[in-house]
Every structure is written in C-alpha cells, then in structure tokens.
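Can you read through this structure? Questions will come right after.
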Amino acid sequence: MNEALNRFRRFCAAPEETAAAWRATGGKVVGYVGHDVPAPMIHAAGLLPIRLSGDPTRPSDEADRYLGTGLDPAARALLAALLRGDHAWCDHLVLTQDCHAHLQLFYALREIQRVEPREHVPEPYFLDLLHLPHRTSARYNTRRLADFARALGAWGGRVVDTAALNRSIGLYRADAEATRRLLAARREIPATLTGSAALAVVGARERMPIEEHHVGVAELLADVGVVTGTGPRTEPARTGTRVFLTGSSHDHPALYDELEAAGIVVIGEDHDWGELLVEEDIPIGPHPLTALVEHHQYGPTGSPRARIADRARRTRDGALRGRADIVVSAVRAGDDAPLWDFAAQREALRPHAIPAVLVRNLPYGPGAGARVLAAIKQHTPVRKAG
Amino acid sequence: MADNASTPRADVAPDTTAALPKPAAPPGPAPFRGSRSRKTLASAIEATRYQREWFAEVRRRVAAGEPFALVSADAPQEIFRAMDIPYVVNQWWASVVSAKQRSAHNMSLLRAKGLPDDSEQYSALALGSILDDPDDPDAPWGGLPRPTIVLGEAGRDSHRKVFDVWGEQAGIHTYRLETAVTPSVRPDWWELMPDRWEEAIGSARLDLMVDELEGLVRFLEVTTGRTLRESRLREVMELVNEQEEYNRRARDLIAATTPAPLSITDSIPSVMIPQWHRGTEWGRDAARRFHDEVAERVANGAAACPGERMRLMWVGTGLWFNMGLYQHFQERFGAVFVWSMYLGIAADGYIRHGDDPMRTLAARFSAFADQLHTPPWSCEWYVKEARHNQIDGVVHLVSSSAPHGYFTTRALEAAGVPVLEIHADNADARGWDDAAFTAAIEGFLERRVEPRATARREGG
C-alpha cells in the first residue's frame, strides 16, 4: 500500500518528471488551471493533461506584484510558479474561469506577455466555460468546447471526433468508478484509508496518464481488501475524530498531513482537488460534447461557482455519508466564497447534530493545522488513532 | 507609495469560534467619519435635489404595489427603463449608505446572520439595508424599498454568493447575467466601441448577451405583466447616446481648459446621478445642463481653483465616505482632482450606434466592466485619458478585491505620469487612516507631481 501511495504522491509532487517522460516519447503536454478543463478531450487528442498548481513553500512576491494580495494565494502561487518557469515543460497552457482568481490569473498572464513577456510561459488558451444553470450558457459552452476540440486537434495532430471522445470518456469513467470504490475505504469505521492518501490518489489522477492511474488504483484496491474483502489490510485502521473538510481547495496535502498526524481522519471533502472530481460519471453516447458541457456546467463543483444552498446540501450529505464527527470549513485568506457558504452549511448540519466550525484567514502553505486542530478540539474530543 | 493597514478581518461565526484566540483588536480611535465636499455647480446641486425627489417617488410607487428592481451598475438598466419598471442601482445605494456613514451598521447586520462583514462590502451594503429594521428612523433617505427583482452579473465568487443570499429573501426574484470573456482584444477600445463594437467584443460574447437579454425581457414580462416595445427601446437607446454625447463634450472641455473649470466633486454628482436616469429626457437634459454649465464656466474663466498648479487624476471608485478629500489639496498645493472615471467612462464607455437596439444594448454591457478593470483595456484607457486631460499626477485607489492595479500604475508611469497607490476600500470607512493617506498624498504632490506640473506649465 505504501509503495503504491508513494508513487501517487510522487506524481503529485513532481509533475515535471511525468511531463519529461511523456515528452521523451515525442508526446506533448497540456498544462491546465482549475478543474473545469475537460481532461478527456485533451486525452482524445493524444496529449497528456496535467493540472497545474503552485508551490506552497515558496514566496509569491512576483505574482503578488501583478495580482495584488487580495486574491486567493493559491492562484498567486500558481502565477509565481509560471513566471519562475516551474511549468516550462507545458507545450500548451489552458485556463478557465472555474473561479474568479483563475480568470484574473489569465488576464494577468495575457498582460504580462504583452508588456513584460516571458519566454518560458506558454501562450495561454482561455476556455470560457460558464456556470449559471441557464440554457443560454449551455449553448455558449457547447460552442466553446467545439472551438477547444479544434484547437486540441491542431495541437495533437489528430481529429478529436465523437469516437475519440467516447473512448477517452470511457477510460476516465472506468478510472472514476474504481477511484470512488477506493476512496470509500476512508468512510469505513474504522477508516482504512487516510484523507491524505485519498488526496494523493485524486491529485495524481490530475497529473498522470489516466491509464497508469487506473492500474495504480487497482493495486490499492487489492491492498485495502476492497476487491476481495479478504485481502491483507496493510494500512492501519484509523479511529480518530472523523472530519469532513469544506471551505477552500487544497492542491497540496499539508493541512491533511498536519491534522492526521494529530489523530484526525479526514473522511471526506467537497473542494475541487478532492473526491468531487470523481463523483459524477460523464455519459458515453452520440453527443459527447453535450455530455461534457453538462458535466462541467451542472456537475459537482467547488465553492466559487456553486450556489450556497447546493453547497450546504453537498456538505451535509458528505458529512452524513462519512459519518463525520464534525465539519470544518478551513478558509484561506483571500478566498472569500466559502465564508458565504458557512451559515447555510452549519444550518443544514444542525438537525443531524453535527457541529460545524469555521476557521478563516488561513495561510496557503504549511502551518494552518494548528488553528484548525484547536477549533476541532473546542467542539469534539480528539480521539487517538487506533 | 502609501500602504494602508488593511481593514481588520476578525474571525466570524462567533458561536463556533468564540473560544479561539482572536486577533488583537486594532488599536486607534472610533471609525473614521469623512468630510463632505462643497458643490459649486448648479447642475450638481440640481441633480442631488432631483435624486431625492425621484427616490421619494420610487418609494411611493413601490408602496402602491409596483414592481421594483435593484440592478447592478454594469447591468442593462435600459430594459427596465423601457418597460417602466422603477429601479435603483446597487452601487448608487452603496454610495448613499457610505456617505451617511452607515456602512459599518449595514455590515453588522450581515454578520448577525453568520455572513461575512468584510467581503464584498460594496455589493452587500444594499443587502444590509434589506436586513435592517424597515422602520429604522435613521435609514438613509427613508430606507431602501424591498425589491421584487434583483439583477446583476455573475462576477466575482463572493459577488455571486451575495446574489444567492438575495435569492433566499422572501418575495425577491434574482436574475443573473453571465460574465464571459474575450480572449484576445485590441487595446484601444474607445476607438472601436461607438460603431465597431462587434469587432471589439466578439460575436460569441454578443450572441450570449442578446440571448440573455431576451430571457430577461421574458422574465420581466411574466413577473411584472409589463411589456417591452421595440420602439420604446429605440427611444431609450437614442436618449442614452444623446446624454453621453453631452458628457463627452463636457469631458473634452475640462480636458482642454486650464485652470480646470471644475473638479470631480462637482463632475461626479453632475454626471453620475443622471447616469442612473439614463434613457430619460431628464437624464439627457441634465447632461446638457452640465455641459452648458461647464462651457459657461470655460467662457467666463471660472475655475475650481484659480491658483491651479497641478492637475490630478483619481483612478478607482469614489471615496464616498470622504468626498471632502478631493478638495483638501487645493488651497495649499493648487492641486485639483480634475478627472475621475465617472465622467471619463460616461464620455467613452456608453455610446453605441446600431440598427438592432437589443444587440446594440448587448454591446454596451457585454464587456462594460472590462473597459475599466481588465488590462489591456483599462490601463491603456487611463493613459489615454491622462494625456487627454493634461494630468500631472494620479492617485490610484487600489482595493484588495480589484487586481491588476500594477498594470494601471505601470502603464501610467511608463507614459511619464507619476502615480501614488492608496490601498483601501472605497465603501468601508473602517480601514481608512485619514492622517496617513493625507500625508502620503501631500508628499507625493511635493516630490513627484509638482515638478511635472511645472514642466507642463512652462512648456506651454
């Protein structure tokens, strides 16, 4: 189990290695920002999709100069990484407006390339997918995805047609189903998969060839005994305080690691680097673009584009499904959207006697755990992992 | 450059975080109360008088059972005008709440509901008014009537959430418009927008907005029983173009005249109040009165500051709780704020010509906010305006919620126009350090603006 998980953690920590291996075979890599970019489309073009993130351990001063300090520091860290050349291995760069910060990141990149151009930053392609639940938005999105398919075809040198899309969607569906089964292990009592491990599993999916990810998930499923029900359980069972995590997204495991080192088990989350990425299957059929539009427009999404009432329902359902002891909204400074969700989330949990706590103004990098842990301790005893 | 201590952001959700160690309370006196400006233009005084009369009439109409809309400044109010649905612009109401020093009170009402009181203040002040006691005798201007419809664009993440909260209020429908993107743009939008807006914005984005506006009309037809006649929409669109043409001519007069015939303390109310009445004859006539008054002052040699030595530009939203700041530097420095975005954008940002009134209206609003806030459009326009208005220095209000201030400052400095950045929120007085900011501006004027202004004056 540890060896397989460590491989996933490596894919998360060092996407440049994955990109280098892919490019060494003559392939091209499409780096993308946010969870709104349809990875199956990129795969259908014969390209490798890798979702980008910043480095929480390095300062973002240069990015802060361009974007100011009011935006989500995760987006600022990502801009800093791009400007440093950390993602120079991308042959193409795709951004969307899955959140305000990523839209502003695109505008900043566009302007930087106009007035202070950087050679190692690929020309940004903006995929404008909208999220209001309106038919007019869906029609617009369909045209944008059609444009994107043409662009991908030009990048990959192959036509992204219905057959190719359905093949890719099929692969992603199979992987999503297997990943869901694996992630369910952390909802067992006691949990047989940590939240940190779950984050690595999903995070790796965004940063490696889907075929390899599927193989890795199958190995892990065997390790946790899910497949046979009788296999050896090499991951120690966790009986600590069960936390459902909401609020800001987490593109690195620092908070999970800090909490679980103190005996907490993160049994679920509803941010856009977590389990919601594999929650809904994209249907296969004669209209794959329509299926992709509907998935991205109406499907599971993080706080920035979700309505408050939907967030409250999702958080409640996730907490109940995972038999959470407490729900924690951990919100970064500069990421205001989750602050508006919290009152409704707390109210939705009240009939089920699940306490909810908001901890705000958290940093992007390591160090958030202490405050979050203190908040949890105020409301539930921290049980030692057994 | 001055750097403000940011507005204190204490943990909220008091019933779940009360036991946590709280950040130290910010030291200092009671929240800042700003000073009012002194208006000199008859058109500004008249506009304020009309606004009070109009608002009282809105309150009467709503009390009589008419529908009432709260709309965003960047949303197509012309639809409501043409359908005779009374409306109030969210940002105008926010400026009233701020000017009456009630922003802290309104935000406290959100906090009492478990909502953040330090996020989207400008957008959320009107929401605070609705949550307030409807019989509060201290409510500004008698209080904001409860809207039946709230319209806005789906902008920032937290802005969307504010609309979610509106939608949860009993009896209030919300209608949102998308914020789409034009990936590649020509920087000189002001040259294209009046007649070549299809080229400036892109057909995809315009098609979307037209679709959404048709949906809005149907929504309003069904919920209010009112109708939209094409002929009426054409009238409204033509009146708006006429109004903004007067604003353009007024802007050009001020730009070309030294000393400036007026400062922004007069141009802002003279321009903005009629903007909230776009598409009416009063609005068009108010813009004409403003232009005529400016022209008369130019002809008579009247000046905002006869001893004008420096011409300043204020980039950013208005400091509604402290409008007196703009006149503070006239006596000692001869420094006059001659430009704000309000007259500038009225002059350049609204005029649209076209045969199809709905598509032309879409062209006005599809990318409206980008003109002011998104590079390269924003920064290149500020440079153009600085040159056109003979600006010696810029005070740039940078809000934490508005990125890209760097590019604006960079573009202006690259054009030889010195810039002082002030980091603060325009609607929330709680974080305003008046002594520090005033001192920063004074130092800026002495060190950087005066030399440039002297060179301009001596250069002829």
Side-chain angles (χ1 to χ4, degrees), chain A residues 65-71 97 99-101 103-104 106-108 110-112 114-116 124-126 128 130-132 134-137 139-140 143-144 147 303-305 307-309 329 333-337 339-344 346-347 355-361 371 374-375 378-379, chain B residues 6 9 11-13 15-21 23 113-116 118-120 154-162 164-165 167-168 176-185 187 204-205 207-208 211-212 214-215 374-376 379 398-407 410-411 414 423:
Chain A
R65 188 171 74 236
Y66 292 117
L67 284 174
T69 56
L71 282 184
Q97 54 165 320
C99 64
H100 175 69
L103 174 58
Q104 302 312 313
F106 165 71
Y107 286 139
R110 184 176 70 177
E111 188 65 1
I112 289 168
R114 189 178 77 96
V115 300
E116 298 175 4
Y125 179 101
F126 193 77
D128 193 16
L130 307 175
H131 289 270
L132 291 181
H134 300 163
R135 177 166 166 71
T136 45
S137 303
R139 282 212 299 264
Y140 181 87
R143 294 184 192 120
R144 299 292 73 74
D147 292 340
S303 179
R305 289 294 177 262
R307 296 202 175 203
I308 292 174
S329 181
D335 183 22
D336 282 8
L339 299 178
W340 292 86
D341 297 332
F342 182 71
R346 182 177 55 194
E347 198 54 35
V357 61
L358 168 68
V359 189
R360 55 177 295 176
N361 294 332
R371 285 186 55 209
Q378 291 288 334
H379 292 85
Chain B
S6 51
R9 292 172 66 105
D11 285 343
V12 294
D15 60 332
T16 54
T17 62
L20 292 178
K113 294 278 184 185
L115 300 171
D118 56 354
S119 167
E120 283 299 326
R156 294 179 299 278
D157 307 340
S158 45
H159 186 74
R160 295 169 183 246
K161 302 291 186 180
V162 173
D164 282 350
V165 179
E168 294 166 4
R176 304 186 210 203
L177 302 173
E178 287 283 12
T179 304
V181 172
T182 307
S184 177
V185 296
R205 207 169 169 183
D207 290 344
L208 171 67
D211 283 349
E212 292 197 301
E214 296 289 359
T374 303
C379 45
V398 181
S399 164
S400 63
S401 63
H404 311 308
Y406 169 85
F407 297 111
R410 181 193 188 281
H423 292 255

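Naming: A, B, ... by sequence-line order, numbering from 1 per chain. All heavy atoms count here, side chains included; hydrogens, waters and symmetry mates do not.
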Exercise for review: Against chain B, label A:Q97 side chain, backbone, both or neither, depending on which of its atoms sit under 4.5 Å from a heavy atom there.
Suggested key: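 For A:Q97, side-chain heavy atoms alone lie under 4.5 Å from chain B.
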Check your understanding: Can you say whether A:T69 sits under 4.5 Å from chain B via the side chain, the backbone, both, or neither, judging by heavy atoms?
Key ->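 For A:T69, there is no contact with chain B at all, as no heavy atom is under 4.5 Å.
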Exercise for review: Grab the two heavy atoms, one from A:L67 and one from B:P403, that are nearest each other, plus how far apart they are.
Suggested key: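 Between these two residues, the closest heavy atoms are O-CB, 3.3 Å.
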Exercise for review: Could you grab the distance from atom NE2 of A:H100 to atom CZ of B:R160, nearest 0.5 Å is fine?
Suggested key: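 These two atoms lie 10.5 Å from each other.
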Practice item. State which residues pass ring pair (Phe, Tyr, Trp, His ring centres under 6.0 Å) with A:Y107; sequence neighbours excluded, sorted by chain then number. Key: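 With sequence neighbours excluded, A:Y107 shows a ring pair (Phe, Tyr, Trp, His ring centres under 6.0 Å) to no residue whatsoever.
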Practice item. Against chain A, work out which of B:K113, B:E120, B:R410 has the most heavy-atom pairs shorter than 4.5 Å and name it. Key: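 Between B:K113, B:E120, B:R410, the count favours B:R410.
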Point to revise | Which atoms of B:A180 approach chain A - backbone, side chain, both or neither, heavy atom under 4.5 Å | key: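 It is both, since atoms from each part get that close.
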Review point. In terms of heavy-atom proximity below 4.5 Å to chain B, should A:R110 be classed as side chain, backbone, both, or neither?
Key: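 Just the side chain, heavy atoms under 4.5 Å.
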Exercise for review: Let me know if B:E168 has heavy atoms under 4.5 Å from chain A in its side chain, its backbone, both or neither.
Suggested key: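 It is the side chain, since no backbone atom gets that close.
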Review point. What residue in B:L177, B:D164, B:V165 has the most heavy-atom pairs under 4.5 Å with chain A?
Key: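 Most heavy-atom pairs under 4.5 Å with chain A: B:D164.
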Check your understanding: Between A:I112 and chain B, which part of the residue has a heavy atom less than 4.5 Å away: side chain, backbone, both or neither?
Key ->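 Contact with chain B is through both the backbone and side chain of A:I112.
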Point to revise | Engaged part of A:R139 at the chain B interface, taking heavy atoms whose separation is under 4.5 Å | key: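 The answer is the side chain of A:R139.
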Check your understanding: So which part of A:S303 gets closer than 4.5 Å to some heavy atom of chain B, the side chain, the backbone, both or neither?
Key ->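 Both backbone and side chain.
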Point to revise | Which portion of A:Y66 sits near chain B, non-hydrogen atoms under 4.5 angstrom | key: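 A:Y66 touches chain B through backbone and side-chain heavy atoms alike.
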Check your understanding: In Å, rounded to the nearest 0.5 Å, how long is the span from OG1 of B:T374 to CG of A:L103?
Key ->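 Atom-to-atom, B:T374:OG1 and A:L103:CG are 7.5 Å apart.
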Point to revise | Side chain / backbone / both / neither for A:Y125 at chain B, heavy atoms under 4.5 Å | key: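 For A:Y125, there is no contact with chain B at all, as no heavy atom is under 4.5 Å.
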Review point. Among A:R143, A:R305, A:E347, A:R144, which residue forms the greatest number of heavy-atom pairs with chain B at distances under 4.5 Å?
Key: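 Answer, by heavy-atom pair count under 4.5 Å with chain B: A:R305.
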**Study point:** Heavy-atom pair with the smallest gap, counting every atom of A:L132 and B:E178
**Key:**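 A:L132 and B:E178 have their closest heavy atoms at N-OE2, 2.9 Å.
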Exercise for review: Mind checking side-chain contact (heavy atoms from CB on, under 4.5 Å) for A:A344 and listing every partner two or more places apart, or none if nothing turns up?
Suggested key: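 For A:A344 the side-chain contact (heavy atoms from CB on, under 4.5 Å) partners, ignoring immediate neighbours, are A:I308, A:A312.
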Review point. Closest approach of A:Y140 and B:A204, non-hydrogen atoms and distance?
Key: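 Shortest heavy-atom separation between A:Y140 and B:A204 comes out as CE1-O, 3.7 Å.
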Review point. Which value, rounded to the nearest 0.5 Å, describes the distance between B:D118 atom CG and A:N361 atom CG?
Key: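 Separation between the atoms: 7.5 Å.
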Check your understanding: Which heavy-atom pair separates B:S119 from A:D336 by the least distance, and what is that distance?
Key ->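 Closest approach of B:S119 to A:D336, heavy atoms only: OG-OD2, 3.0 Å.
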Practice item. Please name the pair of heavy atoms, one in A:A108 and one in B:H404, separated by the smallest distance, quoted to 0.1 Å. Key: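 Scanning both residues completely, I find the closest heavy atoms to be N-CE1, 3.7 Å.
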Practice item. Sort A:R114 into side chain, backbone, both or neither according to what part of it lies under 4.5 angstrom from a heavy atom of chain B. Key: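 A:R114 touches chain B through side-chain heavy atoms alone.
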Exercise for review: Against chain A, label B:R156 side chain, backbone, both or neither, depending on which of its atoms sit under 4.5 Å from a heavy atom there.
Suggested key: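 Both backbone and side chain.
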Check your understanding: What closest approach, in Å, do B:T179 and A:L130 show between heavy atoms, and which atom pair accounts for it?
Key ->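 Closest heavy-atom pair between B:T179 and A:L130: O-CD2, 3.9 Å.
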